[in-house]
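Here is the naming used below: chain letters follow the sequence lines, and residue numbers restart at 1 for every chain.
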2 protein chains.
Amino acid sequence: MSLDPDMFPSYCPSSVPVRIGDKWTGMVIRCLEGGPRRFGELRVPLRRVTPKVLTETLRAMERDGLVTRTAHDENPPRVVYELTGLGRGLLPLIDAVGTWCENNLDALLRARERHQGLRPTAPAMQ
Amino acid sequence: MSLDPDMFPSYCPSSVPVRIGDKWTGMVIRCLEGGPRRFGELRVPLRRVTPKVLTETLRAMERDGLVTRTAHDENPPRVVYELTGLGRGLLPLIDAVGTWCENNLDALLRARERHQGLRPTAPAMQ
DNA sequence: CGGTATCCCATTTGATACTG
DNA sequence: CAGTATCAAATGGGATACCG
């Protein structure tokens, strides 16, 4: 059986950039799992994220309807992010990835280490 | 309840670059679902992939123990890629992403379109 | 507090041409 | 057939400083 040339339609996840595979979106979703969070709160577990990148991430998520952004008109300002139903629907996926990693990351890392020295593209070693 | 600063350990999927979120790996896995495939076979459904990028993708997958590469010493050459058990274990994840997209991509795209005109970072419109 | 504004770098992806 | 080689473009992510 040969592969279908139209196996991957044009709206494939890889064509339409649905940003779950980026560096921070998955972690942001998990941060919001327990309820609404402020910008500053998110920066705590997301230790290495810069404000610029966190803003970009949240704006993209807001644009895609994964989170809502609510700015309370107070002083000092208070901005709260919350998962939408759409965003919440991604939690099982995030968790599935996490579970896979827990179960298989060791094997993957071992495989990666094994292929350190040997780089012969030659016909399989005997 | 405040967020745990150590919520994301250093071996988090985002820290150790496990390449499933890249452009082609997921699709390659699905191409190999039905059994071993040759390099040229993979290029058919993966229409827009260049040989260079497909090679890079396959090499990375091989290094991580997701596929095996078997070069038969014939003329013309014949090279066959096959999913390992580790790689096969990713199929449920890939499928879950696919299912999510089938069910929610429309909603996401609509949300994205809605946020086209309006870019006010202002306190929620009345 | 919740961001912006710049500037910069690394990685990823692609176009094109060529080869054992 | 199954790749390499070379070059270029795009994207993502980050460092640093500043602002209402």
Check Gly65(B) against Leu86(B) and note the closest heavy-atom contact, atom names and distance. O-CB, 3.5 Å
Short side-chain N/O contact from Arg59(B) to OP1 or OP2 of dG3(D), under 4.0 Å: yes
Can you tell me how far C1' of dA2(D) sits from CD of Glu74(B), to the nearest Å? 13 Å
Please state how far atom CZ in Arg47(A) lies from atom P in dG13(D), giving the value in whole angstrom units. 20 Å
Quick one: is Arg69(B) getting a side-chain N or O under 4.0 Å of the dG3(D) phosphate, OP1 or OP2? yes
Report the residue (Pro77(A) or Val49(A)) whose heavy-atom-nearest nucleotide on DNA chain D is the more 5′ of the two. Val49(A)
Any Thr25(B) side-chain heavy atom under 4.5 Å of Ile29(B) side chain: yes
So Glu56(B), base contact, sugar-phosphate only, or nothing? Heavy-atom distance under 4.0 Å. base
Are any of Lys52(A)'s side-chain N or O atoms less than 4.0 Å away from OP1 or OP2 of dG2(C)? no
Proximal nucleotide (of dT13(C), dC1(C), dA2(D)) relative to the Lys23(B) side chain: dT13(C)
Just compare dA15(C), dC1(C), dT4(D) and give me whichever is closest to any side-chain atom of Pro76(A). dC1(C)
So does Arg38(B) get a side-chain nitrogen or oxygen closer than 4.0 Å to the phosphate oxygens (OP1/OP2) of dA2(D)? yes
Taking CZ from Arg43(A) and P from dT4(C), how many angstroms apart are they, rounded to a whole number? 12 Å
What contact category does Arg48(B) fall into here, base, sugar-phosphate, or nothing, at under 4.0 angstrom with non-hydrogen atoms? nothing
In whole Å, what is the span from the CG atom of Asn75(B) to the C1' atom of dG20(C)? 9 Å
Between C1' of dC1(D) and OH of Tyr81(B), the distance in whole Å: 11 Å
Starting at the 5' end of DNA chain C and moving along, which residue's nearest nucleotide shows up first, Thr57(B) or Pro51(B)? Thr57(B)
Distance check needed: dG12(D) C1' versus Asp22(B) CG, whole Å only. 14 Å
Quick check on the hydrophobic clustering: are Met7(A) and Val44(B) connected, directly or via other members, by side-chain heavy-atom contacts under 4.5 Å? no
Single-linkage hydrophobic cluster, 4.5 Å side-chain cutoff, Val80(A) and Leu58(A) together: no
State whether the side chain of Arg47(B) and the backbone N or O of Pro5(A) hold a donor-acceptor pair below 3.5 Å, judged by distance alone. yes
Take the protein atom CZ of Arg37(B) and the nucleotide atom C1' of dG3(D), then report the distance between them rounded to whole Å. 20 Å
In whole angstrom, what separates Trp24(B)'s CH2 from dT11(C)'s P? 22 Å
